[in-house]
There are 2 protein chains.
Amino acid sequence: MFFLKDLPTRQMLQTYHERYPGMNAEAVAEALRLLRRGSLLMRALEAYFTAHTLSQTRFLVLIVIDREPGQEGLLASAIADRLDISRPVVTETVKALVQAGLLGSVPAPGDGRAKRLTLTLAGRAVLADLLPGYFALIADFMAREGDGTA
Amino acid sequence: MFFLKDLPTRQMLQTYHERYPGMNAEAVAEALRLLRRGSLLMRALEAYFTAHTLSQTRFLVLIVIDREPGQEGLLASAIADRLDISRPVVTETVKALVQAGLLGSVPAPGDGRAKRLTLTLAGRAVLADLLPGYFALIADFMAREGDGTA
DNA sequence: TCCATATAATTAGGATGCTAATCATTAAGA
DNA sequence: TCTTAATGATTAGCATCCTAATTATATGGA
């Protein structure tokens, strides 16, 4: 998360440019807008998921299992491949989702180390419940915040 | 942070649109690109600061003090106003920066509750050291990743 | 076969974020 | 004045992320 509320003014970036001539002021200005807008949207999404006893990460785990073509589910390692989070976080997130009844976990046939993770009916129901609000929140944000290129 | 590596394809968004007609597929696609690009840049910035025994948050605390016009420094509450982080995080970040010798802390005249926080010479030196690499990293990222509108 | 290596998952320990509650001081009003 | 409310900062407790190390199982080559 990028926490700076007021981005540097053009004037401030100009001052930095004079001090550090190699700096590309326009690229920096655009990058900071990107970071700030992304962080604001992430804040809004986290609040949405928290209000529904979930989190962004748990939601994404459900999503990547849901969007897999077959019905065989995914191994934790496959989830880690699809998400940019460490293995231990996958372990703990999956554990929480299994405990919440949103994921099923069965030993992987043919590999004693692994477990196959599938969405339960409750897990599918949670996704179906949350997706409309998720899309609506995003659309609101994009409409309200503009495209940041102003 | 937004952890999904492969954003949904146009096809997948189309499928969601059929299931949830109120959804604005283009706004969602753009928002997810924003989130993912912002997260990648944040990952790169965090790695840069970690390699220099700092963090994004500590860096931003130094920046907001540095960019204040006067030389009187800031109260912790003023830092919290300028950054989108909670008060306790300001307390602990400031404590770490004072211990590292990058911030000075003196009782605020006229208010027995508050402290005035100022950059030390070492704090200014750290900023001067890190800023060129910070700007270079951002410029590299923006050049390499394009503007995301492709 | 059997040992070395690779892979799936977890555990251990630490960093950093949050909210709610608390302490100390200041400001405001009856 | 004296009590109440507001403000600056911190503490307590929890959630979630990380890296490094560990455990258990598979795989591949001498």
Side-chain angles (χ1 to χ4, degrees), chain A residues 1-5 39-40 42-61 72-100 103 105-117, chain B residues 1-5 39-40 42-61 72-100 103 105-117:
Chain A
M1 299 279 288
F2 182 78
F3 295 122
L4 189 61
K5 284 181 183 169
S39 293
L40 287 173
M42 275 189 278
R43 274 263 147 100
L45 290 173
E46 278 297 355
Y48 176 73
F49 289 123
T50 297
H52 293 82
T53 60
L54 221 61
S55 73
Q56 176 97 238
T57 299
R58 290 182 194 184
F59 175 76
L60 289 178
V61 167
E72 321 86 34
L74 287 176
L75 304 191
S77 50
I79 296 173
D81 288 343
R82 287 161 178 73
L83 297 180
D84 195 7
I85 57 180
S86 65
R87 295 289 187 97
V89 172
V90 174
T91 294
E92 111 194 326
T93 304
V94 163
K95 193 167 80 177
L97 288 170
V98 169
Q99 268 170 4
L103 285 187
S105 170
V106 297
D111 192 331
R113 297 165 298 182
K115 298 171 185 170
R116 279 216 302 221
L117 303 162
Chain B
M1 299 278 288
F2 183 78
F3 295 123
L4 188 62
K5 284 180 181 169
S39 293
L40 287 172
M42 274 188 279
R43 276 262 144 100
L45 291 174
E46 276 297 355
Y48 175 73
F49 289 122
T50 297
H52 294 80
T53 61
L54 220 63
S55 73
Q56 176 96 237
T57 300
R58 290 183 194 183
F59 175 76
L60 289 178
V61 167
E72 320 88 35
L74 286 176
L75 304 191
S77 50
I79 296 173
D81 287 343
R82 287 160 178 72
L83 297 180
D84 194 6
I85 58 181
S86 65
R87 295 289 187 96
V89 172
V90 173
T91 294
E92 109 195 324
T93 303
V94 162
K95 193 167 79 178
L97 289 170
V98 169
Q99 268 169 6
L103 285 187
S105 170
V106 297
D111 192 331
R113 296 165 298 181
K115 298 170 184 170
R116 279 218 299 222
L117 302 162

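Just so we're on the same page: letters track the sequence lines, and every chain starts at 1.
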field: Contact list for residues 48-57 of chain B, test salt bridge (Lys or Arg N to Asp or Glu O under 4.0 Å), sequence neighbours left out
entry: none

- prompt: Among residues 72-82 of chain A, which contact DNA chain C at a heavy-atom distance under 4.0 Å?
  reply: Leu75(A), Ala76(A), Ser77(A)

query: Is any side-chain nitrogen or oxygen of Thr91(A) closer than 4.0 Å to OP1 or OP2 of dT10(C)?
result: yes

Give every donor-acceptor pair under 3.5 Å between a side-chain atom in residues 105-112 of chain B and any protein atom, sequence neighbours left out.
unit_1    : atom_1 : unit_2    : atom_2 : d
Asp111(B) : OD1    : Arg113(B) : N      : 2.9
Asp111(B) : OD1    : Arg113(B) : NE     : 3.0
Asp111(B) : OD2    : Arg113(B) : NH2    : 2.9

Review item, nucleotides 15-21 of chain C N/O atoms under 3.5 Å of protein N/O:
unit_1  : atom_1 : unit_2   : atom_2 : d
dT16(C) : OP2    : Arg58(B) : NH2    : 3.0
dG17(C) : OP1    : Thr57(B) : OG1    : 2.5
dC18(C) : OP1    : Arg43(A) : NH2    : 3.0
dC18(C) : OP2    : Ser86(B) : N      : 3.0
dC18(C) : OP2    : Ser86(B) : OG     : 2.7

field: For Arg87(B), all residues meeting salt bridge (Lys or Arg N to Asp or Glu O under 4.0 Å), sequence neighbours excluded
entry: none

message: Measure CE/Met1(A) against P/dT16(D) and give the value in whole Å, please.
response: 15 Å

- prompt: Can you find a heavy atom in the side chain of Val61(B) that is under 4.5 Å from one in the side chain of Leu103(B)?
  reply: yes

- prompt: Between dA15(D) atom P and Phe49(A) atom CZ, what is the distance in whole Å?
  reply: 19 Å

message: If you compare every side-chain N and O of Lys115(A) against the phosphate oxygens of dT10(C) (OP1, OP2), does one of them come in below 4.0 Å?
response: yes

message: Between Leu83(B) and Val90(B), is there a side-chain heavy-atom distance shorter than 4.5 Å?
response: no

query: Got a sec, which pairs hit side-chain hydrogen bond (donor to acceptor under 3.5 Å, both in side chains) with one end in residues 42-57 of chain A, sequence neighbours left out?
result: Arg43(A)-Asp84(B)

Would you mind writing out the side-chain donor-acceptor pairs for residues 72-82 of chain B within the sub-3.5 Å range, not counting sequence neighbours?
unit_1   : atom_1 : unit_2   : atom_2 : d
Arg82(B) : NE     : Glu68(B) : OE1    : 3.3
Arg82(B) : NH1    : Ala78(B) : O      : 3.0
Arg82(B) : NH2    : Glu68(B) : OE2    : 3.0

query: More than 12 foreign heavy atoms under 6.0 Å from NZ of Lys95(A): is that the case here?
result: no

query: Do you know which two heavy atoms are closest between Phe3(A) and Leu60(B), and how far apart they sit?
result: N-CD1, 3.8 Å

Can you pull every protein N or O that's under 3.5 Å from an N or O on nucleotides 22-26 of chain D?
unit_1  : atom_1 : unit_2    : atom_2 : d
dT25(D) : O3'    : Gly112(A) : N      : 3.4
dT25(D) : O2     : Arg113(A) : NH1    : 3.3
dA26(D) : OP1    : Gly112(A) : N      : 2.4

- request: Write out all pairs satisfying salt bridge (Lys or Arg N to Asp or Glu O under 4.0 Å) with one or both partners inside residues 52-61 of chain A, taking only residues at least two apart or from two chains.
  value: none

